[in-house]
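First the structure, in the form of structure tokens, and then the observations on it.
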Amino acid sequence: MPVFALVDCNNFYVSCERVFNPRLAGKPVIVLSNNDGCAVARSNEAKALGIEMGAPVFQIREIIRNNQVQVYSSNYALYGDMSRRVMRTLARFTPKMEVYSIDEAFLDLSHFGRFDLTAYGRRVKTTVEQWTGIPVSIGIAGTKTLAKIANRLAKYSHKAGGVLDLSDGKYLGQALEAVAAADVWGVGRKHAKFLADRKIRNARQLRDADDSVIRKKMGVVGIRLLNELRGISCYSLEQSPPQRKSIVVSRTFKNEIESLDELLEAVSAYVSSGAEKLRKEKLAAGKLTVQLTTSRFRENYCRDSMAVKLPVQTHDTAELIGCARDGLRKIYKKGYRYKKVGIVLHDLSPENLVQASFLDAVDRERSEKLMRAIDLINDDMGSGAIQYGAVGWSRSQGWKTAFRHRSPSYTTRWDQLPEVG
DNA sequence: TCTGGGGTCCTAGGACCC
DNA sequence: TCTGGGGTCCTAGGACCC
């Protein structure tokens, strides 16, 4: 029988900010999405004020002002680095673990039967907090879905104190009853409504639901979910991440944009960063999709996309930019006020397995040399030190993302180290 | 006025082939 | 005039996750 421990960092982005700014302790703090649009992380104090996950900032201005909520823009360099520190610490406690997201990891505790798992969990929790400053909660159970549920209860129950072991099954029924069906891992907004309409309100009722009803609406994923709730493990630990299937780069603009030229600049910039990522991971893309959308909160919400096949899989920035610009010109419609463009690179292969073509018009050797040189210069002198003209150089690029409340990159930039004085 | 970004998996439907 | 059915591949869209 497998045993999984899910370790989840509490209010992760907020906790990262607090490590370097202890005065934030005990205060309501939120971290915002790109363009400072929505609250994507909230401290417990902020949650208590009624600030919901994903709440648009303009709707909570009053709460922020009246309660002196501390507001931060996202600082992914900082959070990524803190995440690595947490994961390195966790790795010492198990031979097998899966880094599930920036703030979560599954630990395999299958052969730890002789230990008191709750006590072991406490040791993990204390160590992570001492070594990194990040508070975590730990849920332990026989399937990943049940471990998620245990984690949720560990986080919010006073008695559990941050660690809950449900692996022996004794309190499982009670635990399932205490968790709303809508909060079960794999149940989203649509399915939550479907379940509510059928009076399936908590995880226990969901576990005992009729397979055929679930199957019809939620497909095979729903059946797997039921099995997981019943203690039959369907999702195993993935130690090494499978090969990536796509790379997405998309941004919402500060303002709406009508001009094709500006959209072309933006799309060129996104392709540049996507291509950089491809090369960093030694991949090449066979297909590129361009997406163009107006604001989904306005009338006549409109989105278009177009997939363009590359003649040969590539990670050459210029080639990909050309392809994306062609695609964009085809889907662009004059008179629309666009709010977002994005590109998706897919049909990915390892760069050394790319199929050569007799009809290839590009000198691959030269292109490789050029890309290497560009990456070296940007690594050395800061990203964007050298870039394609297609990205544009005017100062007033309306598509640039805004971060008005960004904290310093304390751990990844020498010039932004915190000072103790 | 102001509403994020990056992923995966599954399904349905169309094109095509035998 | 009558006109099958199954397999595969591709794509777009939906639902979910963090």
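So that the names make sense, note that chain A is the first sequence line, chain B the second, and so on, each numbered from 1. Fair warning: this is a prediction, and the values are worked out from it, not measured in the lab.
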CZ (Arg123(A)) with more than 12 external heavy atoms under 6.0 Å: no

Ion pair Lys144(A)/Glu238(A), N-O distance below 4.0 Å: no

Ion pair check, Arg372(A) and Glu351(A), cut-off under 4.0 Å: no

Pairwise C1' distance for dG4(C) and dC16(B), with rounding to whole Å: 15 Å

Lys148(A) to Glu104(A) - nearest heavy-atom pair and separation: NZ-OE1, 2.6 Å

Side chain Asn67(A), main chain Pro28(A), donor-acceptor under 3.5 Å: no

B/S/- contact track for nucleotides 4-14 of chain B, protein heavy atom under 4.0 Å: BSSSSSSS---

Within residues 186-214 of chain A, residues whose heavy atoms come under 4.0 Å of DNA chain C: Gly186(A), Val187(A), Gly188(A), Arg189(A), Lys190(A), His191(A)

Sub-6.0 Å ring centroid separation between Trp185(A) and Tyr100(A): yes

Touch class at under 4.0 angstrom, heavy-atom based, for Asp36(A) against every strand present: nothing

Side-chain N or O of Lys217(A) closer than 4.0 Å to phosphate OP1/OP2 of dC16(C): no

Lys125(A)/Glu129(A) ion pair, N-O < 4.0 Å: yes

Toward the 5' end of DNA chain C, by each residue's nearest nucleotide, Arg303(A) or Lys287(A): Lys287(A)

Short side-chain to backbone donor-acceptor contact, Ser110(A) and Val3(A), under 3.5 Å: yes

d(NZ, Lys148(A); P, dC17(C)) in whole Å: 9 Å

Salt bridge present between Lys193(A) and Asp197(A) (N-O < 4.0 angstrom): yes

Distance-only donor-acceptor check, side chains Ser367(A) and Asp316(A), under 3.5 Å: yes

Sugar-phosphate, base or nothing in reach of Val31(A), heavy atoms under 4.0 Å: nothing

Side-chain N or O of Arg298(A) closer than 4.0 Å to phosphate OP1/OP2 of dT1(B): no

Heavy-atom donor-acceptor pair, Tyr338(A) side chain to Phe253(A) backbone, under 3.5 Å: no

Nucleotide-level pairing of DNA chain B, given in dot-bracket where Watson-Crick and G-U pairs need both distances under 3.5 Å and | marks other strands: ....||||||||||||||

d(OH, Tyr235(A); P, dC16(C)) in whole Å: 13 Å

